S.K.: 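Got a structure for you, questions after.
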Amino acid sequence: MPGVCWVFLLLLLFAHICDGFYLPGSYMHTYSTKDTIFAKVNSLTSIETELPFSYYSLPYCKPLGGVKKSAENLGELLMGDQIDNSPYRFRMNVNESLYLCTTSPLNEHEVKLLKQRTRDLYQVNMILDNLPVMRIAKQNGVNIQWTGFPVGYSPPHSNDDYIINHLKFKVLVHEYEGSGVEIIGTGEDGMAVFSKADKKKASGFEIVGFEVVPCSVKYDPKAMTKLHMYDKVSSVNCPLRLDKSQIIREQERISFTYEVEFVKSDIRWPSRWDAYLKMEGARVHWFSILNSLMVITFLAGIVFVIFLRTVRRDLTRYEELDKEAQAQMNEELSGWKLVVGDVFREPDCPKLLCVMIGDGVQIMGMAAVTIVFAAFGFMSPASRGMLLTGMIILYLFLGIVAGYVAVRLWRTLKGTSEGWRSVSWSVACFFPGIVFVILTVLNFILWGSKSTGAIPISLYFVLLSLWFCISVPLTLIGGFIGTRAEAIQYPVRTNQIPREIPARKYPSWLLVLGAGTLPFGTLFIELFFILSSIWLGRFYYVFGFLLIVLLLLIIVCAEVSVVLTYMHLCVEDWRWWWKAFFASGSVSLYVFLYSINYLVFDLQSLSGPVSAILYLGYSMIMAIAIMLSTGTIGFITSFYFVHYLFSSVKID
């Protein structure tokens with residue numbers, strides 16, 4: 001104990017002399033007055049098509065030094081992000097109105113492309129100091145925040161389209177006074193090197209907000225072509241009349257300008273993402289959790305009755321009888337005790353069951369660890385693509401656990417390790433193989449549409465290398481460890497001749513499919529917010545709620561599966577293995593049906609068969625992952641429940 005106290009005191013002292021830091025996101029940049037900052041541009045996106053396209057696929061002004069791609073992580077590439085440099089230059093605390101360029105006369109292809117992108121509601125996504133540009137629009141007297149700004153707009157009752165060619169930026173800055181540190185250098189992602197300095201040197205300005213008001217302004221191309229990039233122009237007000245806006249049509253020359261206003265703000269750097277991550281519908285989240293708790297309490301009551309009133313009573317009475325009475329009672333047994341010689345009989349397709357359980361453990365482990373890390377703020381939206389990258393890395397390294405669980409279950413079912421390599425290989429290839437096939441089909445569709453969402457061939461080889469060089473070997477190692485682990489011993493012997501299962505009035509699979517509605521009840525409200533964040537371009541950052549929902553989902557899946565397994569055993573149905581899996585795994589069917597419902601009623605703006613196929617393809621991957629993970633929870637819980645139930649029965 002004294003050692004623990006000393007360690008605690010040292011930690012307190014260390015905490016006292018250290019400066020705090022902000023965990024979510026990157027280190028802050030501080031800028032001096034007149035420091036130059038260039039904005040970056042991400043892919044053009046639309047909630048109508050869900051097909052991202054490169055910013056420079058449209059006739060926009062290019063930087064003087066040419067277009068250069070930013071380094072992107074695995075998650076960004078898979079999400080279809082393509083971050084490039086842009087000509088938009090900002091000088092700290094310098095308010096100015098500048099000219100960029102004038103295009104050559106628009107040809108037929110450019111006009112068609114601009115009109116199509118405008119009518120498909122494509123948004124330009126710009127980034128300054130790692131902050132996405134925000135547009136605030138008034139709708140029915142309420143301020144609504146959007147990230148990005150439209151390529152153009154189409155007035156109602158008109159066939160004409162107008163391009164956004166003038167941007168009025170407002171950059172919010174906070175004056176920072178250093179606390180004995182100086183930023184020597186900052187990298188692209190905001191990684192900083194600190195050194196001691198006096199307070200005066202360390203002071204500067206932090207960018208804490210980035211807003212835009214987009215306009216369409218008709219300029220005289222003859223006058224504008226005489227200007228050079230970054231020449232000053234007069235400030236303009238956004239015209240309300242269409243005859244003063246820039247129309248999109250052939251032979252038109254479009255001039256691009258922008259103006260910048262720096263405004264001092266009280267927002268501090270650690271709080272600058274709050275405007276993007278405003279949590280909406282907190283009451284709905286709490287309602288979802290309370291609803292789930294009611295379901296859990298109801299199911300827990302049923303499980304409590306099964307254990308205390310039925311199982312315990314039967315076992316206690318059975319153990320109190322002498323041998324003669326037990327022998328007599330064996331002849332009069334009813335319910336679950338009748339299947340004692342068949343309950344651990346090998347299920348149909350045992351290899352497939354082992355493979356699905358192994359993959360389910362891997363997916364659930366990945367989801368749980370990712371959500372825990374995200375809930376504690378380690379995966380900020382400021383670090384684009386980190387969530388997806390982290391999930392992939394976790395999945396790869398959890399292959400060792402998947403291999404171990406699958407092979408140990410195989411040994412338990414078969415009583416031998418023979419065939420463990422085949423099981424391990426199947427675990428390593430089953431779920432990734434399904435995902436690979438679906439993604440390849442979707443990728444051909446994206447390639448055909450020339451979208452930046454298409455996975456490059458080079459990235460395909462990277463993913464295959466990660467799969468075969470990390471995931472497969474680790475799964476085989478896990479399988480080998482599984483062969484060395486002790487097989488789970490059954491508490492009762494299995495008869496040679498299987499017992500006949502009594503006929504039932506209704507098919508047992510009907511009950512199994514109906515059981516999935518209870519886990520779905522705990523999940524569907526959070527599922528709405530997740531789907532909205534993926535398909536409507538909103539930020540999802542309520543991982544604390546998601547962690548609670550995950551825990552509740554695990555409990556509900558376990559309880560549902562135990563109750564259904566017990567019900568099947570009571571009617572002398574000893575084929576419980578797959579039913580235990582699908583009792584909780586059938587929630588995936590309702591998730592997929594809900595995804596279709598969301599597509600029809602909430603994504604009404606989604607246009608074209610390509611977008612619908614993409615949506616359904618990704619929804620299918622999500623549903624399969626949910627089936628494997630929730631089914632695994634139900635199966636493992638039911639297995640140990642049945643093992644415990646029959647471990648106290650002494651029947652020869």
Side-chain angles (χ1 to χ4, degrees), residues 22 25-42 61 63-64 83 85-101 124-138 143 145-149 164-179 181-183 185-186 188-190 192 199-215 217 227-238 256-278 382:
Y22 177 60
S26 57
Y27 289 107
M28 65 180 177
H29 292 214
T30 56
Y31 301 95
S32 301
T33 299
K34 293 190 177 180
D35 276 0
T36 302
I37 317 141
F38 280 93
K40 294 180 181 179
V41 284
N42 204 340
C61 303
L64 291 172
I83 300 172
N85 61 336
S86 84
Y88 288 93
R89 184 196 73 185
F90 298 78
R91 291 191 296 164
M92 179 58 69
N93 287 330
V94 177
N95 297 341
E96 51 191 352
S97 184
L98 303 173
Y99 165 79
L100 275 182
C101 74
V124 178
N125 299 294
M126 203 170 281
I127 304 160
L128 183 69
D129 192 41
N130 213 27
L131 274 182
V133 71
M134 182 187 287
R135 175 169 57 99
I136 300 171
K138 275 203 170 183
N143 283 339
Q145 296 177 344
W146 303 86
T147 51
F149 57 89
I164 298 296
N165 64 332
H166 180 75
L167 301 171
K168 297 166 77 78
F169 293 110
K170 182 162 80 173
V171 182
L172 305 179
V173 294
H174 178 79
E175 192 167 2
Y176 171 77
E177 290 187 1
S179 52
V181 295
E182 178 189 8
I183 297 181
T186 51
E188 191 156 319
D189 294 324
K199 213 170 188 180
K200 198 172 180 181
K201 272 188 184 177
S203 61
F205 295 92
E206 310 153 354
I207 294 173
V208 293
F210 185 35
E211 297 173 7
V212 68
V213 176
C215 311
V217 181
L227 299 173
H228 298 93
M229 190 176 280
Y230 305 127
D231 281 354
K232 291 188 177 179
V233 293
S234 56
S235 178
V236 294
N237 293 318
C238 292
F256 289 90
T257 55
Y258 71 102
E259 53 190 278
V260 186
E261 180 190 6
F262 285 85
V263 178
K264 287 194 176 180
S265 170
D266 292 329
I267 299 168
R268 299 186 66 82
W269 195 84
S271 306
R272 67 183 194 152
W273 274 90
D274 290 359
Y276 301 88
L277 306 178
K278 279 182 181 174

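Only a predicted model underlies this, so the values are computations on that prediction, with no experimental measurement involved.
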S.K.: Roughly how far, to the nearest 0.5 Å, is the CZ atom of F256 from the OH atom of Y99?
M.R.: 10.5 Å
S.K.: Tell me, do V171 and F205 make a side-chain contact under 4.5 Å, heavy atoms counted?
M.R.: no
S.K.: Parallel, tilted or perpendicular: which fits the ring planes of F210 and F169, with parallel below 30° and perpendicular above 60°?
M.R.: parallel
S.K.: Are H174 and R268 packed together at the side-chain level, in the sense that at least one heavy-atom pair is separated by less than 4.5 angstrom?
M.R.: yes
S.K.: Measure the spacing between CG of N130 and CZ of R272 and express it to the nearest 0.5 Å.
M.R.: 6.0 Å
S.K.: Begin from the C-alpha positions of V124 and R135 and carry the test side-chain contact (heavy atoms from CB on, under 4.5 Å) through to its verdict.
M.R.: CA-CA 11 Å; V124 178; R135 175 169 57 99; over 6 Å; no
S.K.: Answer yes or no: is there a side-chain heavy-atom contact under 4.5 Å between F38 and N85?
M.R.: no
S.K.: For residues T30 and G204, report the shortest heavy-atom separation together with the two atoms involved.
M.R.: CB-CA, 4.4 Å
S.K.: State, to 0.1 Å, how close G209 and L131 come at their nearest heavy-atom pair, and which atoms those are.
M.R.: N-CD1, 3.7 Å
S.K.: Please evaluate residues I207 and W269 with respect to the criterion side-chain contact (heavy atoms from CB on, under 4.5 Å), reporting the C-alpha separation (whole Å), side-chain torsions for both, the decisive distance (0.1 Å), and the verdict.
M.R.: CA-CA 7 Å; I207 294 173; W269 195 84; over 6 Å; no
S.K.: Using 0.5 Å steps for rounding, measure from the OG atom of S32 to the CE atom of M92.
M.R.: 9.0 Å
S.K.: Mind listing the closest non-hydrogen atom pair of C238 and P214 along with its distance?
M.R.: SG-O, 4.1 Å
S.K.: For S235 and E259, work out which heavy atoms get closest and say how close.
M.R.: OG-OE1, 2.8 Å
S.K.: Over all heavy atoms of both residues, which pair between N125 and G148 is shortest? Give the atoms and the distance, please.
M.R.: OD1-CA, 4.1 Å
S.K.: Report the C-alpha distance between K170 and V213 in whole Å, list the side-chain angles of each, state the deciding distance to 0.1 Å, and finish with yes or no for side-chain contact (heavy atoms from CB on, under 4.5 Å).
M.R.: CA-CA 8 Å; K170 182 162 80 173; V213 176; over 6 Å; no
S.K.: Can any side-chain N or O of K168 pair as donor or acceptor with the backbone N or O of V236 at less than 3.5 Å?
M.R.: yes
S.K.: State, with a plain yes or no, whether a side-chain heavy atom of I136 is found less than 4.5 Å away from one of E211.
M.R.: yes
S.K.: Got M126 and L167 here, is their nearest side-chain heavy-atom distance under 4.5 Å?
M.R.: yes
S.K.: Is any side-chain heavy atom of W146 less than 4.5 Å from a side-chain heavy atom of P132?
M.R.: no
S.K.: Given side chains that start at C-beta, do those of F90 and Y88 come closer than 4.5 Å, heavy atoms only?
M.R.: yes
S.K.: How far does CG of D231 sit from CD of E96, to the nearest 0.5 angstrom?
M.R.: 11.5 Å
S.K.: Give, for atom CG of N42 and atom CD1 of I127, the distance between the pair rounded to the nearest 0.5 Å.
M.R.: 5.0 Å
S.K.: What are the two closest non-hydrogen atoms of S86 and A39, and how far apart are they?
M.R.: OG-O, 2.7 Å
S.K.: Testing T36, D129, V173 for side chain to side chain contact (heavy atoms under 4.5 Å, CB included) with Y31, which one passes?
M.R.: D129
S.K.: Please check this pair: side chain of N165 against backbone of T257, looking for a donor-acceptor N/O pair closer than 3.5 Å.
M.R.: no
S.K.: Evaluate F262 against R91 for side-chain contact (heavy atoms from CB on, under 4.5 Å), listing each step before the verdict.
M.R.: CA-CA 9 Å; F262 285 85; R91 291 191 296 164; 5.8 Å; no
